[in-house]
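This report concerns only the one structure given below.
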Amino acid sequence: MKIATWNVNSLKVRLPQVLQWLQDSPVDVLCLQETKLTDDKFPVAEIEAAGYGVVFSGQKTYNGVAILSRHAMRDVVKNNPLFPDEQQRIIAATIAGMRIVCAYIPNGQAVGTDKYDYKLRWLDALHDWLAAEGKTHEKLALLGDYNIAPEDRDVHDPAAWAGSVLCSEPEREQFRRLQALGFKDAFRLFEQPEKIFSWWDYRQMAFRRNMGLRIDHILLSPALATRCSACVVDKAPRKWEQPSDHTPVVATLDLA
DNA sequence: ATGGCGCGTATTACGCGA
């Protein structure tokens, strides 16, 4: 069982790449963020033709999330019931005995702004919701664009980013609070090379210079973490023509 | 210090992402 997450920065633009990547990497579950499509424009037929079911929650211009799955999905929930939100940033489904939560956590723009405050409140509510979900779903996974680089080793230039949005201590504390619920960062369950990132700015040739951040994550409940045998960032799509600024993260689970 | 790039919307210019 392979589960993955990818912020595609417009599914309208990136659909051919998503279909290509699924051919190359036929994961069981793929969580998408920043689809930027209203539900009436979602490319259901193309995704089903590739052998995947799909559920989605979108809006005009911004945000939007989806789960693609080769296995049946049930009990679909859109957004956090504890946090009424006009922004479409969460979709969850039960797949093969796992509760899969796909999240596009707010960016926060800059420390001290209204958007930053919204991000921290949003994360408070996410924590409380997942604490409750963990009680009813032993096998629980939170995949998505967290917009948080958890540690300095997840940042190409920690000094330059110190204290700024994506790296500030209150954001990192929110990540640790999720870990305190028992969730494990799948990527850090394994020995990894240094300077592995999941996002690079479009500007300044940041990808070629590996000036990136690791902000896309897969958190696993204890029952899934013990069954996780690998977690990798797949840089390949970032090298393609007209790429998303993010690249997929994939976890392998050995489920009975 | 600022903006660099890419996308969406719609105004060829701006908001936003990270």
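Protein chains get the first letters and strands the later ones, always in sequence-line order, with residue 1 at the start of each.
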Describe the nucleic acid contact of A:Asn7 in one word from base, sugar-phosphate, nothing, applying a heavy-atom distance below 4.0 Å. sugar-phosphate

Roughly how far apart are A:Glu138 CD and A:Ser221 OG, rounded to 0.5 Å? 7.0 Å

To the nearest 0.5 angstrom, please state how far the CG atom of A:Asn107 sits from the CG atom of A:Asn147. 4.5 Å

Walk me through it: do A:Gln174 and A:Asp124 pass the test side chain to side chain donor-acceptor pair (under 3.5 Å)? CA-CA 7 Å; A:Gln174 290 284 12; A:Asp124 275 338; 3.0 Å; yes

Is there a side chain to side chain contact (heavy atoms under 4.5 Å, CB included) between A:Phe197 and A:Val233? Walk through the geometry before answering. CA-CA 7 Å; A:Phe197 308 123; A:Val233 176; over 6 Å; no

Hey, can you tell me if A:Trp199 and A:His246 have their rings parallel, tilted or perpendicular (30° and 60° cut-offs)? tilted

Whole-Å gap separating C1' (B:dG17) and CD (A:Gln87): 12 Å

Identify all pairs in which a protein N or O lies below 3.5 Å from an N or O of nucleotides 10-13 of chain B, and state each distance.
none

Within residues 36-80 of chain A or reaching into it, pairs that qualify as ring-ring contact (aromatic ring centres under 6.0 Å, His included) - sequence neighbours excluded: A:Phe42-A:Phe56

Going by ring pair (Phe, Tyr, Trp, His ring centres under 6.0 Å), name the residues that satisfy it together with A:Trp129, two or more places apart in sequence or in a different chain. none

Same-atom distance (P) from B:dA13 to B:dA1, integer angstrom: 28 Å

Would you say A:Tyr104 places a side-chain N or O within less than 4.0 Å of OP1 or OP2 belonging to B:dA18? yes

Which parts of residues 237-247 of chain A get close to DNA chain B, meaning a heavy atom less than 4.0 angstrom away? A:Gln242, A:His246

Pairs involving residues 205-236 of chain A, ordered by first then second residue, that meet ring-ring contact (aromatic ring centres under 6.0 Å, His included) (sequence neighbours left out): A:Tyr146-A:His217, A:Phe175-A:His217, A:Trp200-A:Phe207

Taking the minimum atom-to-atom distance to the side chain of A:Leu213, which one of B:dT9, B:dA18, B:dC16 wins? B:dA18

Spacing of the P atoms in B:dA18 and B:dC7 (rounded, Å): 14 Å

Just the rounded figure in Å: distance from C1' of B:dA18 to CD of A:Glu171. 11 Å

Gap between atom CG of A:Leu219 and atom CG of A:Leu181 - 0.5 Å precision: 9.5 Å

For DNA chain B, what residues of residues 144-153 of chain A have any heavy atom nearer than 4.0 Å? A:Asp145, A:Asn147

Please write out which residues are connected to A:Met211 in a hydrophobic cluster, directly or through intermediates, given that two of Ile, Leu, Val, Met, Phe, Trp, Tyr count as joined at side-chain heavy-atom separations below 4.5 angstrom. none

Of all the choices, B:dT9, B:dC16, B:dC7, which nucleotide is nearest to the side chain of A:Lys115 once you look at every atom? B:dC16

Please list residues of residues 159-168 of chain A whose heavy atoms come under 4.0 Å from any atom in DNA chain B, ordered by number; otherwise none. A:Leu166

Consider the side chain of A:Gln109, meaning its heavy atoms from C-beta on, and name the nucleotide among B:dT9, B:dC16, B:dC7 that approaches it most closely. B:dC16

With a 4.0 Å limit, can you tell me whether A:Asn9 has a side-chain N or O closer than that to the phosphate oxygens OP1/OP2 of B:dG8? no

Could you give the distance from CD1 (A:Ile3) to SG (A:Cys102), rounded to the nearest 0.5 Å? 11.0 Å

Close aromatic pair by centroid cut-off 6.0 Å: A:Trp21 and A:Trp6: yes

Distance-only check: which donor-acceptor pairs under 3.5 Å involve side-chain atoms of residues 247-256 of chain A, not counting sequence neighbours?
residue	atom	partner	partner atom	Å
A:Thr247	OG1	A:Asp234	O	2.6
A:Thr252	OG1	A:Lys2	NZ	3.1
A:Asp254	OD2	A:Ser229	OG	3.3

In residues 197-205 of chain A, what residues come within less than 4.0 Å of DNA chain B, judged by heavy atoms? A:Trp199, A:Tyr202, A:Arg203, A:Gln204

So does A:Arg14 get a side-chain nitrogen or oxygen closer than 4.0 Å to the phosphate oxygens (OP1/OP2) of B:dC7? yes

Quantified in whole Å, what is the P atom distance between nucleotide B:dA10 and nucleotide B:dC16? 15 Å

Output the distance between atom CD1 (A:Ile100) and atom CG (A:Leu30), rounded to the nearest 0.5 Å. 11.0 Å

Side chain to side chain donor-acceptor pair (under 3.5 Å) partners for A:Lys184, two or more places apart: none

Heavy-atom nearest pair, A:Phe190 first then A:Ala230, reads CZ-N, 3.2 Å

Quick one: A:Arg172 CZ to B:dA18 P, roughly how many Å, whole number? 17 Å

d(CG, A:Leu11; C1', B:dG6) in whole Å: 16 Å

Determine the interatomic distance between C1' on B:dT12 and the same-named atom on B:dG6; round to the nearest Å. 16 Å

Name every donor-acceptor pair, under 3.5 Å, that has one atom in a side chain of residues 163-171 of chain A and the other anywhere in the protein, sequence neighbours excluded.
residue	atom	partner	partner atom	Å
A:Ser164	OG	A:Trp161	O	2.8
A:Ser168	OG	A:Tyr116	OH	2.7
A:Ser168	OG	A:Glu171	OE2	2.5
A:Glu169	OE2	A:Arg176	NH1	3.4
A:Glu169	OE2	A:Arg176	NH2	2.4
A:Glu171	OE1	A:Lys119	NZ	2.5
A:Glu171	OE1	A:Leu166	N	2.9
A:Glu171	OE2	A:Leu166	N	3.1
A:Glu171	OE2	A:Ser168	N	3.4

